[in-house]
Number of protein chains: 2
Amino acid sequence: MDQSTKHILKREPAIRVNGSLWLESDGKRFFGPGPVELLERIAETGSISEAAKRMKMSYKKAWELVSALNERSVNPLVVPRTGGEHGGGSTITDEARELIDYHRHLRQRFAAFLAEETKNLKL
Amino acid sequence: MDQSTKHILKREPAIRVNGSLWLESDGKRFFGPGPVELLERIAETGSISEAAKRMKMSYKKAWELVSALNERSVNPLVVPRTGGEHGGGSTITDEARELIDYHRHLRQRFAAFLAEETKNLKL
DNA sequence: TATCGTTATATTTTTAAAAATATAACGGGC
DNA sequence: GCCCGTTATATTTTTAAAAATATAACGATA
């Protein structure tokens with residue numbers, strides 16, 4: 001922003017450019033920060049319910065996310081086991097790990113974009 | 001995305017990277033696409049109510065947005081006149097025009113970022 | 001076969017956001 | 001002084017999202 005645009009807005013704390021990013025199919029988002037973190041937590045804990053708990057998300061919502069992700073992907077991203085030892089559990093596939101990795105890099109580039117815009121802001 | 005990450009997701013229509021951008025103060029957004037368009041419509045029509053109508057936004061919400069914008073800015077962005085010919089009306093200030101212009105350019109840079117990411121996607 | 005914790009699913013309740021409705025204040029022009 | 005359309009504000013209603021609650025299926029293990 002050029003000098004003339006300064007001081008238009010109040011700034012008790014610093015003003016910054018921020019935003020959100022997601023993958024979109026058919027105009028609706030299906031792979032944003034939430035699903036990514038959920039996949040990571042499932043990988044960590046081996047359990048959808050425990051992953052949900054750590055994200056302070058209801059199990060229902062977590063399960064719906066997993067279900068939606070598996071439906072949209074050619075091959076499953078999450079493989080659930082029902083019953084058995086510990087009552088069951090879930091693992092994520094290599095493809096899920098690839099998606100997580102891609103999204104991590106994407107977020108890094110986005111963060112760099114936001115930081116650059118914020119740096120050049122000085123409202 | 002590298003070749004190995006291809007074909008993980010179904011793609012009836014094309015998959016693209018999309019996102020949203022806003023100015024943030026104290027952790028909460030206060031100047032996103034909505035307010036920008038509202039200011040533009042007010043400039044066009046000279047009326048908050050008419051601007052709201054064109055955006056299919058309730059007058060109440062539009063007025064609250066205007067009020068919030070004027071509160072956060074050092075000098076008003078919108079100058080309302082109550083009563084008088086045509087019952088009143090509103091105009092926007094030069095500072096509002098500056099903000100709109102800045103946001104337009106910001107969106108252009110963001111659109112370029114999204115286009116580049118989408119181009120390099122090929123999920 | 002009884003137990004366990006998880007997956008899977010339906011139903012209800014709560015909460016929050018949005019929309020709708022109503023009404024007063026305003027001031028120039030007739 | 002009345003009319004008009006807009007600003008300004010409160011209240012109610014509707015809608016949608018989120019949360020909470022409940023329960024069955026599952027299968028290895030003991």
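Only a predicted model underlies this, so the values are computations on that prediction, with no experimental measurement involved. Note that these values count all heavy atoms, side chains included, but never hydrogens, waters or copies made by symmetry. Throughout, protein chains are lettered first and strands after them, A, B, ... in sequence-line order, and every chain is numbered starting at 1.
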**Report entry** Side-chain (B:N70) to main-chain (B:L77) donor-acceptor, under 3.5 angstrom
**Finding:** yes
Requested in this report: Choose from C:dC26, C:dA20, C:dT11 the nucleotide whose nearest atom is closest to any side-chain atom of B:K60.
Outcome: C:dA20
Query - Toward the 5' end of DNA chain D, by each residue's nearest nucleotide, A:T82 or A:S58 - result: A:S58
Query raised in the report: Is a donor on one side and an acceptor on the other found under 3.5 Å between the side chain of A:T118 and the backbone of A:V17?
Result: yes
Query raised in the report: Hey, can you pull the residues of residues 36-56 of chain A with a non-hydrogen atom under 4.0 angstrom from DNA chain C?
Result: A:S47, A:I48, A:S49
Query raised in the report: Could A:E44 and A:R41 be called an ion pair, given the rule that one side-chain N must be under 4.0 Å from one carboxylate O?
Result: yes
Requested in this report: Give a yes/no answer on whether the side chain of A:W63 brings an N or O atom under 4.0 Å of OP1 or OP2 in C:dT7.
Outcome: no
Query raised in the report: How many Å lie between CD on B:E85 and C1' on C:dG29, as a whole number?
Result: 8 Å
Query raised in the report: Hey, does A:S67 reach any base, or is it just sugar-phosphate, or nothing, if we go heavy atoms under 4.0 Å?
Result: nothing
Report summary line: Separation of C:dA17 atom C1' from B:E64 atom CD, nearest Å, is 11 Å
Query raised in the report: What do you reckon, are the aromatic ring centroids of B:F110 and A:F110 less than 6.0 Å apart?
Result: yes
Report task. Using atom CZ of B:R81 as one end and atom P of D:dA8 as the other, report the distance to the nearest whole Å. Result -> 11 Å
Query - Test side chain to side chain contact (heavy atoms under 4.5 Å, CB included) applied to A:V78 and A:L69, A:L39, A:L38, the passing residue - result: A:L39
Query raised in the report: What's the CG-P distance between A:L65 and D:dA18, to the nearest Å?
Result: 10 Å
Query raised in the report: So, A:S49 versus A:S47: side-chain donor-acceptor pair below 3.5 Å or not?
Result: yes
Query - Nucleotide C:dT21, atom C1' - distance to NZ of B:K61 in whole Å - result: 18 Å
**Report entry** Rounded distance in Å - NE2 (B:H86) to P (D:dC4)
**Finding:** 14 Å
**Report entry** Pair B:E40 + B:R54, salt bridge at N-O below 4.0 Å
**Finding:** no
Report task. Using atom OH of A:Y59 as one end and atom P of D:dA19 as the other, report the distance to the nearest whole Å. Result -> 16 Å
